[in-house]
Amino acid sequence: AVMSNMSINAIGKIKKTEQGFAIHLENQYKEGLIGLQGYSHLNIFWWANQMDEPEYRQILVIDKPYTNGPDKIGIFATRSPLRPNPIALTAVFINEIDYKKGILYTPFIDADPDTPVLDIKPYLPSTDIVKDLQVPQWCQHWPTSIEDSANFSWENEFNF
């Protein structure tokens, strides 16, 4: 099959606030927020625009990004923003949704201000939680939830 050109449009941008972060949707996408009340977490797909350089898109293997990891690791075995297509995913807690203004407020997202947002989907246990998850031995000591990650010493885990 021949791959066709694709078109992806940002639906909004991430902004920094005094309390954390806000995801500001473009006006034409605000209606898409209808029905999100009651969800505590959402999956935010965003474009790692600060890493969107032609040379970064060519990197498929990187040298020891994780302190306890292998000496070389393929990019698809990482959560690095260096990718053939710099698409990132973060599950976020939602503090509040302003439906009129099209703004979602969250205490944290691992993206820089003005990062383009590509899509939003509800975080659902039936599709997003895996009971019998396995990870490589070198990262088995990592937290098993977003909540536990907040207090984990991540700086000891990376070589960058």
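Ring pair Tyr123/His41 is tilted by interplanar angle, where 30° to 60° counts as tilted. Relative ring orientation between Phe158 and Phe160 is described as tilted, the plane-to-plane angle lying within the 30° to 60° band.
Here the side chain of Thr17 pairs a donor or acceptor atom with the backbone of Gln19 at under 3.5 angstrom. Judged by distance alone, the side chain of Ser80 and the main-chain N or O of Leu82 form a donor-acceptor pair under 3.5 Å. Asn85 places no side-chain N or O within donor-acceptor distance of the main-chain N or O of Ile87, the cut-off being under 3.5 Å. Thr67 places a side-chain N or O within 3.5 Å of a backbone atom of Asn156 that can act as its donor or acceptor partner. Checking side-chain atoms of Arg83 against main-chain N and O of Gln58 turns up no donor-acceptor pair under 3.5 Å. In terms of modelled atom types and a separation under 3.5 Å, the side chain of Asp112 and the main chain of Thr115 share no donor-acceptor contact. Under a 3.5 Å cut-off, the side chain of Asp128 and the backbone N or O of Leu124 do form a donor-acceptor pair.
Remark: Lys121 NZ is loosely packed, at most 12 non-hydrogen atoms of other residues, nucleotides or ligands lying under 6.0 Å away.
Between Lys13 atom NZ and Leu25 atom CG the span is 13.0 Å, to the nearest 0.5 Å.
A side chain to side chain donor-acceptor pair (under 3.5 Å) with Tyr99 holds for exactly one of Lys30, Glu31, Gln37; it is Gln37.
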